[in-house]
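I have placed the structure first, in the form of structure tokens, so that the comments after it can refer back to it.
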Amino acid sequence: MQDNPISFTRLDNAFARFLSQRSALTGTQQQAFEELVKTVSYQQSQGHNCVHLTAEDRAVVLASGLTILSKQPGNSFDTVDFNSEKPSPEGEGWERGNEKDKNPFKSPHPSLLPQGEGALLPLVVEQDRLYLHRYWDYENRLAQKIKAMAHVSQTVVQIDTVLDRYFKVTEDIDWQREAAKIAITQSFSIITGGPGTGKTTTVVKILAILQELAERPLHIALAAPTGKAAMRLQESIGSNKAALPCTDAIKQLIPETVATLHRLLGAKPPSPYFHHDGTNPLVYDLVVVDEASMVDLALMSKLLDALKSGARLILLGDQDQLASVESGAVLTDLTIALPSHTLELKKSHRFGGIIKELAIAVNQQQPEAAWQFLRTSDETVALLEQDLIGHIAEQYAPYLTLVKNGADFIDIYRAFNRFQVLCSNHQGKKGVSDINYQVEQKLFAQKHIHLAGTWYAGRPVMITQNTAALHLYNGDIGLCLQDKEQNNKLMVFFQDANGHIKKYLPPRLPNCETVFAMTIHKSQGSEFEDVLIVLPETINPVLTKELLYTGITRAKKTIKLAASKAIFSATVAQKIERVTGLIDKFKTDQQCD
């Protein structure tokens, strides 16, 4: 294990202590086991599926009596040996459990932990990786489902003739056409690409072709991880349907409604379970998921569980963006593991110029080149030279003027979404909380807002808790405005993915926070005309080139950056490295443990 100091949480410590006290270990081995459990608990909360073990670590964990040994010979999945031999704590050879306990995985405290053959013990060792059992199970089930889908191919007679009608024949490689060919002939496919490469344009054509080729109309679901991403996909699908070279009857079979994944699967808060699962699958023949880089291991595994037999799945996303907030780097892992099912769109049709060049330099970890773009005189990309809070207040002034004048909600909403402050961190100096507080105070001093309490006209808020009963989900943004229909009473207005406006009394809302600034993580799936990226004054683990790339690619017109060269360069040089075993589960030459 690594010796780097880690700030373990109270939960990490309590969980590790609970297991170590119930292990078959004593003395220094019990202490070593407790440290390993703390580490895997902490690293899972940091986005890793598992942690790597040394030979000595592995021996200690297997000797604990609380660990299942997973074997993966060749193509076999889900092979778990509950009664296998285990290595001695010293790591020399193999031995059975002691005479009092012939099952080495049997809990020494039967009243507190399950035991016996088939017991669901809390830890799993697979090769040199240690998992919490739940996350091993997510990873294993996901791999099983996708590998089964990947083996199913679709034969399409004269496919090139159909493709010629939807894609112009050119001498150069048409990456969109190639992506369509993969998606049409395979049950599982991934289409990746940066901003403006035409992922949704391509998928609309794929849906039309599949409907044309189907013996009966396909039942299709469109989904995205967040409400904002769902809204963007819905707008793109709607705007691209009209130009399709097919009949109106085919166009009508292409859905325009896009649901969040939680809504598609039927969230059952506060539990982690969904209405649709392996015993109650979705009815859809094809599911398309946009912004798939945001989907974590647990949610992707549950989506695959919920697909009915024979269903297709198409994942869309930018593999260079941030990985999911929760565990895993599913999209990136799958593109590496299944290259024959993946097509990267390489030509950008709307995202170009210096913003694209900056994004490429950051993505390729070229800090000097990226910094020079920021030092040019081009106003499209620049360092922020003026006062940070003053600049932010100035940018939001037009929005607040519309609020004060009682403009139409759509105009107010559009004005708010023109500009957005994106921070790397939520807490700390120059974090989201700090900037939101300072901006509120500045706007109050400038008489743009009236701070008489928590709620005021013009307060933008982001929902931070899924509440299915109110149809409000984590990441949804609302604006607090005076409602003319309610004698100017303060109400919070939201626009859903269908463009419908809904409003709520402030006390009815679930947990939410002011959002003049948001984290770059929360901005995924969104686009803004003008973006200000704010980095902190000290380096921290959150600062990575993926984070910066994601922030840059949220902008359509201009980017400004508030950061020192040292922090910027350190951010570009740092890369997300998540520990998972997902790629290994697709290797056919896997050796038995």
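The residues of the chain are indexed from 1 along the displayed sequence.
- Not counting sequence neighbours, Ser239 has no partner by the side-chain contact (heavy atoms from CB on, under 4.5 Å) test.
- Judged as a ring pair (Phe, Tyr, Trp, His ring centres under 6.0 Å), the pairs with a partner in residues 528-571 (not counting sequence neighbours) are, in order, Trp371-Phe568.
- Remark: the Thr192 side chain and the Glu344 side chain contain no N/O donor-acceptor pair separated by less than 3.5 Å.
- Residue pairs satisfying the side chain to side chain donor-acceptor pair (under 3.5 Å) criterion with at least one member in residues 445-457, sequence neighbours excluded, are listed as follows: Glu440-Tyr456.
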Q: Just do the side chain to side chain contact (heavy atoms under 4.5 Å, CB included) check on Asn425 and Val432 with the steps written out, would you?
A: CA-CA 6 Å; Asn425 295 76; Val432 166; over 6 Å; no
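- Under the side-chain hydrogen bond (donor to acceptor under 3.5 Å, both in side chains) criterion, Arg578 pairs with no residue, sequence neighbours left out.
- Judged by distance alone, the side chain of Asn405 and the main-chain N or O of Ala407 form no donor-acceptor pair under 3.5 Å.
- Salt bridge status for Glu385 with Arg375: present, with a side-chain N to carboxylate O gap under 4.0 Å.
- Counted by atom type alone, Asn240 and Lys205 present zero donor-acceptor pairs between their side chains at under 3.5 Å.
- Note on residues 380-410: pairs passing ring pair (Phe, Tyr, Trp, His ring centres under 6.0 Å), not counting sequence neighbours, are Tyr396-Phe416, Tyr396-Phe419, Tyr396-Phe516, Tyr399-Phe416, Phe409-Tyr413, Phe409-Phe493.
- In this model, a donor atom of one side chain and an acceptor atom of the other lie less than 3.5 Å apart for Gln319 and Thr335.
- Under the side-chain contact (heavy atoms from CB on, under 4.5 Å) criterion, Asp12 pairs with Phe8, Thr9, Ser41, Tyr42, not counting sequence neighbours.
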Q. Which is it for Tyr138 and Tyr135 under the ring-ring contact (aromatic ring centres under 6.0 Å, His included) test, yes or no, and what are the steps along the way?
A. CA-CA 5 Å; Tyr138 286 147; Tyr135 289 88; 5.5 Å; yes
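- Listed by chain and number, the residues in a side-chain hydrogen bond (donor to acceptor under 3.5 Å, both in side chains) with His426 are Ser433, Glu513 (sequence neighbours excluded).
- Remark: Lys565 engages Glu368 in a side-chain hydrogen bond (donor to acceptor under 3.5 Å, both in side chains) (not counting sequence neighbours).
- Leu481 has its side chain within reach of Val403: a pair of non-hydrogen atoms, C-beta onward, lies under 4.5 Å apart.
- The ring-ring contact (aromatic ring centres under 6.0 Å, His included) check on His262 picks up Phe274, with sequence neighbours excluded.
- Every residue two or more places apart in sequence or in another chain that forms a side-chain hydrogen bond (donor to acceptor under 3.5 Å, both in side chains) with Asp530 is listed here: Arg418, Thr558.
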**Q.** From CA spacing to verdict: side chain to side chain contact (heavy atoms under 4.5 Å, CB included), Leu244, Ile254
**A.** CA-CA 11 Å; Leu244 290 172; Ile254 300 173; 3.5 Å; yes
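- Nearest heavy-atom pair, Lys430 versus Leu535, reported as atom, atom and distance to 0.1 Å: CD-O, 3.7 Å.
- Here Asp483 pairs with Lys503 under the salt bridge (charged side-chain N to carboxylate O under 4.0 Å, His left out) rule; sequence neighbours left out.
- Test Lys228, Arg232, Arg554 against Glu527 for salt bridge (Lys or Arg N to Asp or Glu O under 4.0 Å) and you get one pass: Arg232.
- Looking only at side-chain heavy atoms (C-beta outward), Leu264 and Tyr284 come within less than 4.5 Å of each other.
- Using a distance-only test at 3.5 Å, with no hydrogens or angles considered, a donor-acceptor pair links the side chain of Asn436 to the main chain of Ala517.
- For residues 399-413, the pairs satisfying salt bridge (charged side-chain N to carboxylate O under 4.0 Å, His left out) are Asp411-Arg414, with sequence neighbours left out.
- Annotation: side chain of Tyr473 is not in contact with side chain of Gln465 (no heavy-atom distance under 4.5 Å).
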